[in-house]
Protein chains: 4
Amino acid sequence: MIIVLKQNAPADQVAAFCTELRGMGFEINDSTGHDTHILGLIGDTKALAESWVLANPVVDTCRRVSEPYKKANRKFHPDDTVVDVGGHKIGGGYFAVMSGPCSVEGKDQIIGIAQRVKAAGASILRGGAFKPRTSPYSFQGLRAEGLELLQEARAVTGQPIVTELMNNEHIPLFLDAKVDMIQIGARNMQNFELLKAVGKLKIPVLLKRGLSSTLEELVMSAEYIMAEGNPNVVLCERGIRTFETSMRNTLDISAVPMLKKMTHLPVVIDPSHAAGIAFMVPALAQAAVAVGADGLMIETHNDPAKAKSDGAQSLTPDQFDALMGVIRPELEFFGKTLN
Amino acid sequence: MIIVLKQNAPADQVAAFCTELRGMGFEINDSTGHDTHILGLIGDTKALAESWVLANPVVDTCRRVSEPYKKANRKFHPDDTVVDVGGHKIGGGYFAVMSGPCSVEGKDQIIGIAQRVKAAGASILRGGAFKPRTSPYSFQGLRAEGLELLQEARAVTGQPIVTELMNNEHIPLFLDAKVDMIQIGARNMQNFELLKAVGKLKIPVLLKRGLSSTLEELVMSAEYIMAEGNPNVVLCERGIRTFETSMRNTLDISAVPMLKKMTHLPVVIDPSHAAGIAFMVPALAQAAVAVGADGLMIETHNDPAKAKSDGAQSLTPDQFDALMGVIRPELEFFGKTLN
Amino acid sequence: MIIVLKQNAPADQVAAFCTELRGMGFEINDSTGHDTHILGLIGDTKALAESWVLANPVVDTCRRVSEPYKKANRKFHPDDTVVDVGGHKIGGGYFAVMSGPCSVEGKDQIIGIAQRVKAAGASILRGGAFKPRTSPYSFQGLRAEGLELLQEARAVTGQPIVTELMNNEHIPLFLDAKVDMIQIGARNMQNFELLKAVGKLKIPVLLKRGLSSTLEELVMSAEYIMAEGNPNVVLCERGIRTFETSMRNTLDISAVPMLKKMTHLPVVIDPSHAAGIAFMVPALAQAAVAVGADGLMIETHNDPAKAKSDGAQSLTPDQFDALMGVIRPELEFFGKTLN
Amino acid sequence: MIIVLKQNAPADQVAAFCTELRGMGFEINDSTGHDTHILGLIGDTKALAESWVLANPVVDTCRRVSEPYKKANRKFHPDDTVVDVGGHKIGGGYFAVMSGPCSVEGKDQIIGIAQRVKAAGASILRGGAFKPRTSPYSFQGLRAEGLELLQEARAVTGQPIVTELMNNEHIPLFLDAKVDMIQIGARNMQNFELLKAVGKLKIPVLLKRGLSSTLEELVMSAEYIMAEGNPNVVLCERGIRTFETSMRNTLDISAVPMLKKMTHLPVVIDPSHAAGIAFMVPALAQAAVAVGADGLMIETHNDPAKAKSDGAQSLTPDQFDALMGVIRPELEFFGKTLN
């Protein structure tokens, strides 16, 4: 970490600050210029909060030189992590398509969609049992019953299931249901107690980026999970909130190459939530493949106009078939293995 | 709700859609122009999701005419709500100052600060026991011990305490500690399971706006709490995330008059988190009074340079004294009662 | 346009407002519900400002049903516009690559780069003569001399040239130089006097999206140019400003499918400015092809470390060769014609 | 400037880079740690572009220690600048209110409003002659005729006039009209050719912050004007673009204390454009006084419902009277001199 001191910082206070830093185990490289005085800290600064440094009255600004994340950092783990979800790999050249309805709404619905998306090439079934909704008056999901229906669909098609966990208290239900991949939703990306809890499990985690979270914050949330012992984290870019109003969110496609530089974890894209409207989903999905993503999460519904949530952005099974018809050869073109 | 149909929508599909809407209990005002076809829904649309409407293939766009919130809506409750926190009123002309350290760090620290801020005019003591931190390697709070220390401080000074609840599983601890006001932090503003849980209590809730939450979303989160039966909600603007990088967050001062128009709930401002740096806190606090806020939440620390979190934005007790020295007469000037 | 009236609007004021609207040539569809009163305006509302409507005391909100742009609107011109720049087509299945340095710095530099990017497949040479720089102390471009050097490069390679116009007073210079395509930079997207001036020419215009301009505002700026008589407008998405700080800008890849729905104009992508750093440019360029863009604008410099502007985001000629080596087959895969 | 080198940067390339930097006149403080290598540049770096530094392959990141602006920098000019506009002072404890209609619409209108706002305490008359409008079909202002009408109003009331300049070519008209203060609008904040042109005049400039411009960019645009020789710059915060949709813009009230720290120039607030709706203007104006602004710019119109632009956010003369009735004592309370 580089610490720029104030021009008029009293020498005795600077000395006391340096003593304090050395006491914390850092070596200090002191660099005094004509009108600048800079301290370079040598040592492991990942537990050193910038707010603590900035609070010292002798400090003007500070800046990290090394990243505040370690387990997720590609510098220390150059090889791509490959996460296995019920036999389907994500990362390291393996590409997985997760698809299904926003919400699990009934037995016929979820099994019917599961069969259709599997036939088209999706290897993992998504479906929400517990639903985070802006309004308390909106459909809140079938909850425990939804988990049961997902298990039934898995029994029929053999696809592993990914579904969202909203609260620590529901973890026993998720373990009972043998959920194959736990989704942490965008609104819970910084629900740190929840992150710690899934970090204590071994089940793969799909960690969605918060609506206005920076990429560093996303990786720090992955670090929370990994620091507890669970290395099976897949990051998901699903659109960020910007000033643009013609779409639900703005897909930050650059997140893929930037995250790939920062971390060894797989990165998938959810074009459905990014777009918020179905007509754009295929174009964004194709862009996701081209930019180097490791997977896609796409909402498909048997009858979007009757969907209990997110109908506007859901593809019909026929539209999903058509999309996979272009995604398959594109993956081949880019040398990725659909599995 | 106004629904604009697509220009080329087939008449039979439109008829079927209208039948469906009528079956849900809505009357329809059909308005057909030269090149526009609009349906006006008459009835209670707060449980009708826009995404459901937009998913119908005959629909081009839709727009709510009435707000999706009811219990929090000023239209139905014109008078200001006054929330009582341990005998101190917030709202309806009553102004409360909450102050204390970001984190509870020890017995002497919290009691010492409590005495200082009380002497200066703060009626409610703030202090974090459970701390949401971006990094898993940062100080996570004293947790249960922190709650105990807050109780000890309350026993000494008589101030009610406000502290952040991060997880449903900690609620019994908060009840045991008789926490006077539960803070829901910005990162949990849309942790809907947590909102429902505090809605089942009667304890006042300080609901902080999410970093990139719209005002409508903030009010909808209050609606979650109120819909469960707890009317004692105080809203808190604490800065939003924008492109500007010279400060931690951008204080959305306009939120106060806009929220006052939307809802009858009290609105307080947290200039400490908005600024992220102490020198700006007094100016923002004075602006908060002038714009019509019902209270302030300000971080004060006995020794900011040694604080375990948020030191850079904390005032010293002397700085807090000085601030209250200007806030007191300003409140009098604007006709507010400090209590 | 739909106008929602206030619930308690006095009948005589509403009547007067309706009379005024009818006097402006609109028919009114009056729709009175239980607790809503809505006016639907029938007629050409594109010259009717929402702020004018909202200023009437009887009005609660209003919303356009038809777009405020006409000449750029795909509804009235379903076929793709194809813009011809010195014999190279953009749009309607034709794809053009524009490349060259951020700034023209000297004769050898611009001719050398022009030869390299032409050999690699770029059909149009870009290069800044007049440079908009945040700091008055930064290199401001070679200005008139830069235009001369671009002409010399064109004479050598035969490539048409695109370069930025910053001010109405420079138009005669641009006409003398027979600039093939005039770039309006992001910071001038709403310099309306400049838009009107290039609208009076017939030269193709590359209109870059402002850093925080909505897509509708971008199309409205194109409408300014087209309303003056120049239909040869190419839109360029070059990254928007968001809260994310790890990259210079956030590439809004969704702008391509959305703009294609809104307008018949060609849409190109500038991944160099979006990324701000060279390593991400190839991945974003490939995504741009996959999402359906009509062209690319890419900064290439013979020696980025010596570049007088934007070196960090410039490709070397070798990197540009490598990129075109993957873009060419990708265009073929997606059925686009590079020309 | 601090330059962090890449961990694996070849020694010979680093040496060459250092030689190049020394050749530019910088001293280098070389700081080599365990896993970091940092160069501290000593010398005047304001003309050194970060993009140039970042483009060197040995560089990982860099960061300015000293600000890139000099003439506007408070460090070098600790005293507040006081700008005199036709005898009315702004800054250094003097507060000025500018008011008038968004657009000059006719002789009676502008004279009538001028008389009303003067009587209420506004010292400077605002009114748009040249209007930047998003749509080419909206009212574009009376242009030259508008300037004449402003002169007539000035002749009647004696108030100096401030009006927006959109284009270099209109400068002779502004000089003929003896405009007392030239407004550079938000959309032209980075129209650098226009900034240079008004920098060559001595007339005070009201420089409005761009919709998504950082405070540093705003100060850099002031630096453009000052670098050409015109020190009479007043900065204006008028709301920024964020994700929030319930208001036109988000007033960045924190800009006032932050700009006061960065620069010695006066800072005024325009609550009308920030709010976009009249009911919020008084609360925001009062907050502006409390936060320490040096002036206000407020839109007042004789009949907002008939205004040709921005009616929704304009106060009536009666509302403006009422606002000044609270602003006057508030200024007294805060020790400011209205003039």
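Proteins come first, then strands; the chains are lettered A, B, ... in the order of their sequence lines, and each starts at number 1.
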Can you name the closest pair of heavy atoms from [X] and [Y] and give their distance?
{"X": "Thr263(D)", "Y": "Ala72(D)", "value": "OG1-O, 2.5 Å"}
{"X": "Phe26(C)", "Y": "Thr45(C)", "value": "CE2-CG2, 3.6 Å"}
{"X": "Ser212(C)", "Y": "Glu217(C)", "value": "O-OE1, 4.2 Å"}
{"X": "Ala9(C)", "Y": "Val14(C)", "value": "CB-CG2, 3.7 Å"}

For each of [options], tally heavy-atom pairs with chain D at distances under 4.5 Å, and name the one with the top tally.
{"options": "Asn191(C), Leu211(C), Leu195(C)", "result": "Asn191(C)"}
{"options": "Arg187(C), Glu216(C), Met166(C), Glu50(C)", "result": "Arg187(C)"}
{"options": "Lys308(C), Glu20(C), Met189(C), Gln313(C)", "result": "Glu20(C)"}
{"options": "Leu48(C), Val58(C), Asn167(C), Asn56(C)", "result": "Asn167(C)"}
{"options": "Ser314(C), Ser135(C), Pro136(C), Ala55(C)", "result": "Pro136(C)"}
{"options": "Leu54(C), Thr242(C), Asn168(C)", "result": "Asn168(C)"}

Between [X] and chain C, with a heavy-atom cut-off of 4.5 Å, which part of the residue counts as in contact: side chain, backbone, both or neither?
{"X": "His301(D)", "value": "neither"}
{"X": "Thr61(D)", "value": "neither"}
{"X": "Gln140(D)", "value": "side chain"}
{"X": "Arg241(D)", "value": "side chain"}
{"X": "Glu228(D)", "value": "neither"}
{"X": "Arg248(D)", "value": "neither"}
{"X": "Lys196(D)", "value": "side chain"}
{"X": "Ala307(D)", "value": "backbone"}

For [X], is it the side chain, the backbone, both or neither that has a heavy atom under 4.5 Å from a heavy atom of chain D?
{"X": "Pro68(C)", "value": "backbone"}
{"X": "Thr214(C)", "value": "both"}
{"X": "Asn188(C)", "value": "side chain"}

Inspect the contact between Glu193(D) and Arg143(C) and indicate whether a charged nitrogen and a carboxylate oxygen are less than 4.0 angstrom apart. yes
Look at Glu223(D) together with Lys70(D) and state whether they make a salt bridge at an N to O cut-off of under 4.0 Å. no
Is the closest side-chain heavy-atom distance between [X] and [Y] below 4.5 Å?
{"X": "Ile3(D)", "Y": "Val53(D)", "result": "yes"}
{"X": "Leu207(D)", "Y": "Leu218(D)", "result": "yes"}
{"X": "Leu142(D)", "Y": "Phe130(D)", "result": "no"}
{"X": "Glu237(C)", "Y": "Lys208(C)", "result": "no"}

For each of Gly210(D), Ser221(D), Ala305(D), tally heavy-atom pairs with chain C at distances under 4.5 Å, and name the one with the top tally. Ala305(D)
Heavy-atom count around Lys131(D) NZ within 6.0 Å, excluding the residue itself: above 12? yes
